[in-house]
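Each remark here refers to the structure printed beneath this line.
Just so you know, these numbers use all the heavy atoms, side chains as well, and skip hydrogens, waters and symmetry mates. Sequence lines set the chain letters: A, B, ... in the order given, protein chains first and strands last, and positions in each chain run from 1.
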Amino acid sequence: MFTICNTVVLTALATIPLCAACTPARRIDSRGNEVITSINKVDIQDFNLAADKLVQSMTISGVFAKSPNQPAILGISRITNDTSDQFDTDELIKKIRIALLQTGKVQISTTEGLGGKAEDPMAKGTRDMREFQSGKSNEMPRMTDFTLTAKILENSVSAGDTKQTSFIFQMSLTDTNTGNAVWEGEETVTKQGQKNAIGF
Amino acid sequence: MPRLLQFNLLIFGLAACNTMNTVVPLSNAAPGTPGFKQIVTNSWLNSKSNVTDVKEDVVNGDQKRVQLSLYSDQATPQSISYRFEWFDANGMRTTGAAQAWQTQRIMPRETIIITGIGPTPNTTQWQLQLLDTNLPWTQ
């Protein structure tokens, strides 16, 4: 009996490192606590965290709720990635757009963009055609009430083998009627460690 | 031999005990009692993130805002993670674009304040989920 129990326990113990060493690929919750945290890269959870905090700050400020035009129209202006990590800034901006749209107090313009470029050229063409056919092409269309600009910065330091990287997400909201910033927000995500890890 | 088995069970037990604590508001709380309920499945986590106060209000006319005070009874700095879940009047879950787990450092005997805003105007109910990020044997 003793030998059987001993064999079972020893086999179980020997299996643990083998199982840990050969984790098969699997899908995980991208908002959960199993995602990989990297030191020198902006992770998906960094975008989630920054977007969540910045939208919360923007919402509490009440700038969209106070706008004379309801819902207010927001245009997306220059978004700058000044970090050493190459990523599409839509990873951040799209989350903010979705969260703002859900509040019902703002709509995002896809026919007005930076440098006169429409994000959705087909929608712009259809709107222009509709205005031309209705004889309103000479009238001033409703412009964006606010524009959003953002910059993402990086600050890295190390002490011995430990690295620390801060990603700073800065955002400004400008009232196009006055040309003045009516809200500004900054969120810093700092990560420290020697190597990438799974979890928070 | 029984000691070896006990040791193995302890290791497996510790690895599996990072369960979640949940805080829910009580709509029918009696006067003088807390207007919330803590569902504690992890008492270690509760000792470093005990909810002591909950406040609710409405911002921008229709968006629910919740503020919770969390107290740590521990003698060393701790980390916790939290996430808000939001529901409409029918109890249906409303998902925000960026509702993710957030990590928060809490110092010894400190009370921290965390805030959440409902993602949509029709959000009326909420719950807070708490999870441990540094476990006693990893410090």
Using a 6.0 Å cut-off, check whether atom CZ of A:R130 has over 12 heavy atoms from anything other than its own residue.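 Result for CZ/A:R130: open.
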Honestly, the part of B:T115 sitting under 4.5 Å from a heavy atom of chain A is both
Under a single-linkage definition using a 4.5 Å side-chain heavy-atom cutoff for Ile, Leu, Val, Met, Phe, Trp and Tyr, are [X] and [Y] assigned to the same hydrophobic cluster?
X      : Y      : value
A:V55  : A:I168 : no
A:L101 : A:I76  : yes
B:L128 : B:V66  : yes
A:V106 : A:W183 : yes

Which atom pair, heavy atoms only, marks the closest approach of A:T103 to B:P121?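 Result for this residue pair: O-CG, 3.2 Å.
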* To do: Work out which heavy atom in A:T59 is nearest to a heavy atom in B:N60; give both atom names and the distance.
  =>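 The pair with the smallest heavy-atom distance is O-ND2, 2.7 Å.
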- Part of A:K105 lying under 4.5 Å from any heavy atom of chain B: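 Just its side chain gets close to chain B.
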Open item on the list: With a 4.5 Å cut-off on side-chain heavy atoms, are B:T94 and A:Q102 touching?
Closed with: no
